[in-house]
Amino acid sequence: MWSAILGWFADSPSQTRVVRFLLENGFGVNEDGKIACNTIAVAATQVAAKLHVDRRVVEATARRILTSPFRDIFINMRATPDLSVIAESLSLSVITVIPQDASRPGIVDACIHILSSHNIGLRQVFVTDPHLSEEPRLVIIAEGKMPPGVIDELRELPVVKRLIF
């Protein structure tokens, strides 16, 4: 689906950058054709400054989204908080898994199975989409510190290329 969305904007590299930014950050577009984060309008100038494009490119992209077959996706897009950036303050552990092949099924299942077998509570699990990210990853935010051996068990999984803890 993401490749189809990006393909819709392939004729405009600047608009493609805007769309990729929206998808990567969970930003959508409201009914008025404004960039929005969870229904709160975001100034086109702010997005433009971040992407080093003219604000008119951002505004044109938002209007174009509303006329695209992907309109409902962007109207309903929602961002969620990322606990990994405040995990230490909450006494949580963050485990980042770089998979061998992000397109293969079973990566999340294999990792979660190990954590649940050690009775480790999970607070948040998210993956970056392999179609949008150059280095897709699985990020697991878990309760407390990891018991001895858990990290080694995760590293030994055949689906894991690298583990960041």
Side-chain angles (χ1 to χ4, degrees), residues 1-29 35-38 42 47 50-53 58 61 65 68-165:
M1 175 58 71
W2 302 138
S3 59
I5 293 171
L6 294 173
W8 183 264
F9 294 90
D11 63 328
S12 173
S14 295
Q15 287 189 0
T16 300
R17 285 182 38 218
V18 173
V19 169
R20 184 178 293 277
F21 173 82
L22 298 179
L23 292 170
E24 288 175 347
N25 291 284
F27 286 10
V29 175
I35 303 300
C37 180
N38 296 347
V42 176
V47 175
K50 174 72 176 167
L51 298 175
H52 307 290
V53 299
V58 175
T61 304
I65 285 169
S68 79
F70 313 106
R71 179 183 195 280
D72 288 344
I73 291 172
F74 285 92
I75 292 279
N76 294 303
M77 184 71 74
R78 297 294 177 263
T80 57
D82 177 357
L83 294 180
S84 68
V85 294
I86 58 170
E88 188 175 334
S89 299
L90 300 174
S91 299
L92 303 173
S93 293
V94 178
I95 303 164
T96 303
V97 177
I98 309 300
Q100 290 288 351
D101 179 357
S103 64
R104 288 185 51 209
I107 299 164
V108 175
D109 178 59
C111 295
I112 299 307
H113 178 75
I114 287 176
L115 295 173
S116 66
S117 72
H118 289 273
N119 204 28
I120 296 169
L122 302 178
R123 293 285 296 271
Q124 193 174 54
V125 176
F126 62 91
V127 296
T128 54
D129 191 295
H131 298 289
L132 293 176
S133 178
E134 291 181 25
E135 190 175 39
R137 58 191 60 219
L138 162 65
V139 179
I140 302 166
I141 296 98
E143 294 284 347
K145 292 188 177 199
M146 290 297 106
V150 171
I151 298 301
D152 291 333
E153 285 183 52
L154 289 168
R155 277 195 181 108
E156 292 169 8
L157 288 170
V159 296
V160 174
K161 177 179 179 180
R162 187 167 43 116
L163 200 65
I164 303 166
F165 180 80

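As the structure is a prediction and not an experimental result, all values here were calculated from the model.
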Q | Nearest non-hydrogen partners of I114 and E153, listed with the distance | A | CD1-O, 3.5 Å
(Q) Is there a side-chain contact (heavy atoms from CB on, under 4.5 Å) between L157 and V97? Walk through the geometry before answering. (A) CA-CA 10 Å; L157 288 170; V97 177; over 6 Å; no
Q | Heavy-atom pair with the smallest gap, counting every atom of I107 and P99 | A | CD1-CB, 3.6 Å
Q: State, to 0.1 Å, how close V94 and A87 come at their nearest heavy-atom pair, and which atoms those are.
A: CG2-CB, 3.3 Å
Q. Do you know the tightest heavy-atom contact between I120 and P147?
A. CD1-CD, 3.7 Å
Q.
If we ignore hydrogens and angles and just use 3.5 Å, is the side chain of S93 paired with the main-chain N or O of A142 as donor and acceptor?
A. no
Q) Roughly how far apart are T128 OG1 and R137 CZ, rounded to 0.5 Å? A) 6.5 Å
Q: Please indicate whether R104 has more than 12 foreign heavy atoms, meaning atoms of other residues, nucleotides or ligands, lying under 6.0 Å from its CZ.
A: no
Q) Taking atom SG of C111 and atom CD1 of I140, what is their separation to the nearest 0.5 Å? A) 5.0 Å
Q: Give a yes or no answer on whether the side chain of Q100 reaches the backbone of V160 with a donor-acceptor pair at less than 3.5 Å.
A: yes
Q: Answer whether the closest heavy-atom distance between the side chains of F126 and I141 falls below 4.5 Å.
A: yes
Q) If every non-hydrogen atom of F27 is compared with every non-hydrogen atom of M77, which pair is closest and at what distance? A) O-CG, 3.4 Å
Q | From OG (S68) to CD1 (I5), nearest 0.5 Å | A | 7.5 Å
Q. If you measure from CE on M146 to CG on L115, what distance do you get to the nearest 0.5 Å?
A. 6.0 Å
Q) What's the spacing between I35 CD1 and F74 CZ if we round to 0.5 Å? A) 8.5 Å
Q | Within 6.0 angstrom of H118 NE2, more than 12 heavy atoms from elsewhere | A | yes
Q) Looking at side-chain heavy atoms only, is the closest gap between T61 and V29 below 4.5 Å? A) no
Q.
How long is the straight-line distance from CZ of R155 back to CG of L163, given to the nearest 0.5 Å?
A. 5.0 Å
(Q) A quick test of your reading: do over 12 heavy atoms of other residues, nucleotides or ligands sit less than 6.0 Å from CG of D101? (A) yes
(Q) For a quick test of reading the model, state the closest non-hydrogen atom pair linking D82 to S84 and the distance between them. (A) OD1-OG, 2.5 Å
